[in-house]
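Note sheet for the following structure.
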Number of protein chains: 2
Amino acid sequence: MHTRTRRYHHGDLRAALLTRAEETLREKGPAALSLRELARDLGVSHAAPSRHFKDKQALLDALALTGFERLTAVLEASQDGAGETFAKRLDAMVRTYVGFARDNAELLDLMYSIKHDPAASDVLVEATHRWSDLVVRLIGDGQARGEVREGPVERVGLPVFAALHGYADLAATGMLPSEVDEHGLDEVIAFMLRGCVPRDVL
Amino acid sequence: MHTRTRRYHHGDLRAALLTRAEETLREKGPAALSLRELARDLGVSHAAPSRHFKDKQALLDALALTGFERLTAVLEASQDGAGETFAKRLDAMVRTYVGFARDNAELLDLMYSIKHDPAASDVLVEATHRWSDLVVRLIGDGQARGEVREGPVERVGLPVFAALHGYADLAATGMLPSEVDEHGLDEVIAFMLRGCVPRDVL
DNA sequence: ACCTGAACACCGTTCAAGT
DNA sequence: ACCTGAACACCGTTCAAGT
């Protein structure tokens with residue numbers, strides 16, 4: 001690839017490994033991710049990655065962490081220009097999340113598989129909390145405005161999150177016939193709003 | 001384990017491989033599933049499995065297929081004594097599905113990962129259709145009774161399925177704090193019913 | 001028909017040794 | 001501090017040969 005004579009590696013092997021790992025994950029799937037092939041791609045010996053990641057799992061953890069950081073960043077950004085009403089803020093968040101899931105299907109899968117690993121690192125657990133806090137805040141604000149039914153936020157928010165998580169997974173893994181996926185998201189958002197409706201309405 | 005002198009294998013190696021594979025999947029997770037270890041566990045040579053499954057993927061496909069068969073069986077059974085109303089039938093189906101997901105978390109994961117593989121076999125695709133037909137029938141019957149809003153069944157059913165799939169995944173992978181999981185399912189079912197409510201009500 | 005044993009090309013991980 | 005090269009114990013897959 002790059003023909004300069006290299007004594008060791010050109011600079012930041014750690015970052016290069018993560019970048020290349022994500023490319024491979026996206027292009028060839030998680031099964032094709034091998035430390036040795038990564039090292040080969042980057043022109044270092046197969047043992048070199050171990051200086052930066054104690055084992056393969058540590059690299060996957062680090063990769064998942066970058067995913068959570070990017071996800072929370074776009075989700076937070078989605079709330080900025082979204083407007084005031086619960087309907088508009090929910091719409092923005094859901095479309096952003098599903099968009100991220102479509103664009104990063106394999107990465108999101110990795111993120112979830114690591115999240116429910118009991119040995120997940122602290123920084124990683126913290127990253128997932130930042131994201132669930134966003135949902136909690138969205139629901140809480142909606143309740144404060146009288147646009148969402150009363151009740152403990154986790155209980156009101158849980159079905160919303162379940163539907164969001166489920167639809168994003170279906171869409172990202174290509175399990176929806178394309179003509180369903182076309183307007184499916186509109187349908188899901190309307191469904192969520194009906195589910196959130198205050199008790200005096202339904 | 002069994003001490004009888006065996007010339008080759010005791011009988012049905014194919015079935016024994018599938019049974020042992022599911023045990024390993026359940027106890028040690030998908031990463032620990034190796035053809036060679038399976039063969040060792042069953043006391044045959046490492047090449048023996050290839051007589052029954054052309055490669056590892058073929059064994060996983062067969063395992064997923066048994067999963068789909070058992071899943072559709074319990075789901076169909078759930079509808080028998082469920083009662084007449086849409087609410088009761090939905091309740092029965094959702095609880096049965098989530099129960100299956102909890103009891104077979106790793107297997108269900110495998111089933112989904114294979115389902116969205118473009119090279120999925122015909123019998124496997126057919127098995128997944130039997131299950132989506134069940135959801136379609138549930139929604140269609142609800143509409144006929146005037147208990148579910150009008151519209152194309154796929155469009156009405158999609159958010160229900162998304163929420164079901166999403167909640168089952170959260171519950172099965174242990175991502176719900178136990179005090180949330182306690183009453184979470186009731187909350188999700190009520191949410192689904194509000195989402196399905198006819199247009200003249202909401 | 002069903003299984004074995006050896007062979008091949010891959011892994012992840014470890015560790016002395018090099019620069 | 002960072003990387004190499006050899007070594008070890010695993011994989012999946014294939015194929016001649018055995019019963």
Side-chain angles (χ1 to χ4, degrees), chain A residues 1-25 27-64 106 110 113-114 117 119 121, chain B residues 1-25 27-64 106 110 113-114 117 119 121:
Chain A
M1 214 49 126
H2 46 126
T3 44
R4 64 196 280 289
T5 65
R6 45 176 149 52
R7 357 190 204 308
Y8 288 158
H9 191 264
H10 48 81
D12 194 347
L13 179 56
R14 194 193 131 93
L17 284 165
L18 286 174
T19 306
R20 185 73 189 120
E22 189 177 347
E23 286 171 15
T24 307
L25 183 64
E27 288 160 14
K28 303 201 258 172
L33 239 178
S34 116
L35 286 179
R36 288 177 103 111
E37 184 168 349
L38 245 36
R40 254 181 266 125
D41 290 350
L42 298 175
V44 295
S45 82
H46 65 260
S50 73
R51 287 291 122 191
H52 303 276
F53 302 101
K54 85 174 220 295
D55 56 18
K56 189 179 183 181
Q57 191 57 51
L59 184 147
L60 295 179
D61 286 356
L63 196 54
E106 303 83 3
L110 176 68
S113 70
I114 281 169
D117 180 352
S121 75
Chain B
M1 214 52 124
H2 46 126
T3 43
R4 64 197 280 291
T5 65
R6 44 175 148 51
R7 358 187 203 309
Y8 287 158
H9 191 265
H10 48 81
D12 194 346
L13 179 56
R14 193 193 132 93
L17 283 165
L18 286 175
T19 305
R20 185 72 189 119
E22 188 177 347
E23 285 172 14
T24 307
L25 183 65
E27 289 160 15
K28 304 201 257 171
L33 238 178
S34 115
L35 286 178
R36 287 177 101 109
E37 185 167 349
L38 245 36
R40 253 180 266 125
D41 289 350
L42 297 176
V44 295
S45 83
H46 64 259
S50 73
R51 286 293 122 190
H52 301 278
F53 301 102
K54 87 174 218 296
D55 56 19
K56 190 179 183 181
Q57 191 56 52
L59 185 147
L60 296 179
D61 286 356
L63 196 54
E106 303 83 3
L110 175 69
S113 70
I114 281 170
D117 180 351
S121 75

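Protein chains get the first letters and strands the later ones, always in sequence-line order, with residue 1 at the start of each.
- Of the candidates D:dT4, C:dC11, C:dC3, the closest approach to any side-chain atom of A:Glu37 belongs to C:dC11.
- The separation between B:Leu60 atom CG and D:dT13 atom C1' is 15 Å, rounded to whole Å.
- Closest approach to the B:Lys56 side chain among C:dC15, C:dC3, D:dT13 is made by D:dT13 (side chain taken as heavy atoms from C-beta onward).
- Nearest heavy-atom pair across B:His46 and B:Pro49 is O-CD, 3.5 Å.
- When the nearest nucleotides of DNA chain D are assigned to B:Arg51 and B:Gln57 by heavy-atom distance, the more 5′-ward of the two goes with B:Gln57.
- Here A:Lys28 does not pair with A:Glu106 in a salt bridge; the nearest charged N to carboxylate O distance is not below 4.0 Å.
- When the P atom of C:dT13 is taken as reference, atom CG of A:Leu38 falls 13 Å away, rounded to whole Å.
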Pairing pattern in dot-bracket form [Watson-Crick, G-U; both distances under 3.5 Å; | = partner strand] for DNA chain C: ||.|||||...|||||.||
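- Side-chain contact between B:Pro30 and B:Leu25: present, with at least one pair of heavy atoms (C-beta onward) separated by less than 4.5 Å.
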What nitrogen or oxygen pairs link the protein and nucleotides 7-10 of chain D at under 3.5 Å?
none

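- One atom, CZ of A:Phe53, and another, P of C:dT14, lie 16 Å apart when rounded to the nearest Å.
- Between A:Leu38 and A:Leu59, the closest side-chain pair of non-hydrogen atoms falls below 4.5 Å.
- Here the P atom of nucleotide C:dG12 and the CG atom of A:Leu59 are 10 Å apart, to the nearest Å.
- Looking at heavy atoms from C-beta onward, A:Leu13 lies out of side-chain contact with A:Arg51 at the 4.5 angstrom threshold.
- Smallest separation of non-hydrogen atoms from B:Leu60 and B:Ile114: O-CD1, 3.4 Å.
- If you measure from atom CG of A:Leu42 to atom C1' of D:dC2, you get 15 Å, rounded to the nearest angstrom.
- The two residues A:Leu17 and A:Phe53 have their closest heavy-atom pair at CD1-CE1, 3.9 Å.
- Considering all non-hydrogen atoms of both residues, B:Thr24 and B:Ala32 come closest at CG2-O, 4.0 Å.
- The CG atom of B:Asp12 sits 9 Å away from the P atom of C:dC3 (whole-angstrom rounding).
- Whole-Å rounding puts the B:Arg14 CZ to C:dC3 P distance at 13 Å.
- One can place NZ of B:Lys54 at 14 Å from P of D:dC15, the figure rounded to the nearest angstrom.
- Side-chain atoms of A:Leu35 lie closest to C:dT13 of the nucleotides C:dT13, C:dC3, D:dT14.
- Taking both residues in full, the closest heavy atoms of B:Ser113 and B:Leu110 are given as OG-O, 2.9 Å, listed atom of the first, atom of the second, then distance.
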